[in-house]
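Here the structure is laid out as C-alpha cells; the discussion comes afterwards.
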Amino acid sequence: MALDLAVVPVAGLGTRLLPATKSQPKEMLPVGRRPVVQYVVEELRESGIKRILFVTGYGKSSIEDFFDVNQQLVSHLRHSGKEEQLAELAFERNQVQYAYTRQREQLGLGHAVLIGEPFVGNQPFVVALGDSIIGMHAKSRIVERMIEEYERSNADVVVCFEELENKNEVVNYGIAQPKGQITGDVFELESLVEKPSVDEAPSNLAVAARYVFSPAIFSELEKTERGKGGEIQLTDAMCQVLKKGGKGIGIRLPKEEPRFDIGNFESYFQAFVDFALSDPQFGEGLEIYLRKKLSIEPGAE
Ligand code: UTP
C-alpha cells in the first residue's frame, strides 16, 4: 500500500508566541491569507497524503472546525452570490480523510508522535509539524521526495534539513551528523545532535519539520526518558533507531523551498511579510507602502 498517512502534531502550548496563542492555536495564526495549518495540509495533499491524524490538545478545537464543512456559511455565500468567497472554501471538500486525537499532557513532540501509535499501527508514516510551512505558499514536493527516498533506500528514518546560512544558529536546532562527506542533496545520516554548540556542531544542516518514519520509531519513543524541559524528544528516539542499525537518510531542502517557522515572533513576522508581499491582489500595494515607509526609492533593490 502506498505511503499516504501523515501525523500532524498541533498540541504544543506555543508559549513563545504569547499572548497571541493564549486562547488560539499557533497553527491557526494567519500567514498572508491562510492559517498555517492549511498550508501544511495543502502541501501534504500535493505530495500524495490522503489520511491525516492531527494530534491536538486543549484549546485546539478550532483546527477541527476549520477542516470541517461549514454548511451554514456555504449556503449563505451561495445565496448571496459571493462566488469568489465561496471558492475560498473549496478546500473543505478535498479528498483528505481527517482524524483527531488528543495529547492530554504537553510532554513534547516525541510524546505527541507516540500518541499517534494506536492509529498508525505497523505502517510507515510522515510527520509534518503543524507550525511550519515549507516553500512559498507551501509549493514544495519535499515530502513526496522523502517518501520516494524512504522506499528506494529501505530507510527507517528520513529527515528533511535546512542549510543554515549563519553557523551560529546551530545552537537552536537539531543538527545532522552525516555519514561521511555529503556529495548531493540526499545523504546518509549517522546521527543527530540536539542544539549543539557552534564548535561541536557536525554540520550546519538543521532539522526542518518534516520526517518519514518506519514504525520502529514507536518502540524507541516508548523507551525514551523525559529529557530537556521534561519533554520526550523526538530527536532522542531517532538517534536510538540509528544507533541500533536503522538506516537514516537526510534530504536537503532546495534553496527555493525555504522553511517558514511560525514558532517564534521573529520568523513569524518575516513569513507574514513574505507571503503578504507575494499576494496576487495586495502584494504590489504592500510593497509600495513598505518602500514609502522605509524611504526606499521604487526600483531600488
Ligand atoms: P514546539 O517545539 O515549537 O513547541 O512545537 P511548542 O510547545 O508548540 O511551543 P513553545 O516552545 O512553547 O513556544 C513544534 C510542533 O510540535 C507540536 C506543536 O504544536 C508544533 O506544531 N507539539 C509540541 C505537540 O504537539 N506537543 C507537544 O507537547 C509539543
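Residue numbers count from 1 along this sequence. Counting starts at 1 for both ligands and their atoms, following the listed order. We use all heavy atoms of the structure for the numbers below, so side chains are in, but hydrogens, waters and symmetry mates are not.
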With heavy-atom distances below 4.0 Å as the criterion, list the atoms of ligand 1 near E27.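 Heavy-atom distances to E27 below 4.0 Å select 18 (C), 19 (O), 20 (C), 21 (O).
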Provide the full list of ring-ring contact (aromatic ring centres under 6.0 Å, His included) pairs with a residue in residues 2-48, sequence neighbours left out, each pair given once.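 Found Y39-F275.
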Short N or O distance, [X] and ligand 1, threshold 3.5 Å exclusive:
X	result
A11	yes
A112	no
L129	no
K60	no
G108	yes

Out of E231, E105, Q103, whose heavy atom sits nearest atom 27 (C) of ligand 1?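 Residue with the shortest heavy-atom distance to the ligand atom: Q103.
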I need the [X] [atom1] to [Y] [atom2] distance, nearest 0.5 Å.
X	Y	atom1	atom2	result
F67	S62	CZ	OG	10.0 Å
F54	F66	CZ	CZ	9.5 Å
N204	E163	CG	CD	5.0 Å

Have a look at ligand 1 and work out which part of L107, if any, has a heavy atom under 4.0 Å from it: side chain, backbone, both or neither.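 The answer is the backbone of L107.
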Under a 4.0 Å heavy-atom limit, does L109 contact ligand 1 with its side chain, its backbone, both, or neither?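 For L109, backbone and side-chain atoms both sit under 4.0 Å from ligand 1.
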Considering all heavy atoms of both residues, which atom of A237 and which atom of T224 are nearest to each other, and what is their separation?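 So the minimum-distance heavy-atom pair works out to CB-OG1, 3.7 Å.
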Set of side-chain hydrogen bond (donor to acceptor under 3.5 Å, both in side chains) partners for Y98, sequence neighbours left out: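 Applying side-chain hydrogen bond (donor to acceptor under 3.5 Å, both in side chains) to Y98 gives N94.
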Top protein contact for [atom], by heavy-atom distance:
atom	result
atom 12 (O) of ligand 1	T15 OG1, 2.5 Å
atom 3 (O) of ligand 1	R16 NH2, 2.7 Å
atom 18 (C) of ligand 1	G12 N, 3.5 Å
atom 14 (C) of ligand 1	D131 OD2, 3.7 Å
atom 7 (O) of ligand 1	L13 N, 3.3 Å
atom 21 (O) of ligand 1	P9 O, 3.0 Å

Mutual orientation of the aromatic rings belonging to F161 and F187 [parallel < 30°, tilted 30-60°, perpendicular > 60°]: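 F161 vs F187 ring planes: tilted.
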Ring-plane angle category for Y211 and F213, please: parallel below 30°, perpendicular beyond 60°, tilted otherwise.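 Ring orientation, 0 to 90° scale: parallel.
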Pairing donors with acceptors under 3.5 angstrom, does anything connect the side chains of S61 and E64?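 No, because no side-chain N or O of S61 sits under 3.5 Å from a partner of the opposite role on E64.
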Apply salt bridge (charged side-chain N to carboxylate O under 4.0 Å, His left out) to residues E220 and K244 and explain how you reach the verdict. CA-CA 10 Å; E220 292 311 324; K244 290 182 178 166; 2.9 Å; yes
Can you tell me if K26 has a non-hydrogen atom under 4.0 Å from ligand 1?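 In this structure, K26 qualifies as a contact of ligand 1 - some heavy atom is under 4.0 Å.
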With a 4.0 Å cut-off on heavy atoms, is H111 in contact with ligand 1?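 Contact check H111 vs ligand 1: negative.
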Salt bridge (charged side-chain N to carboxylate O under 4.0 Å, His left out) partner of D4, chosen from R45, K50, R51: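 Output: one option passes, namely R51.
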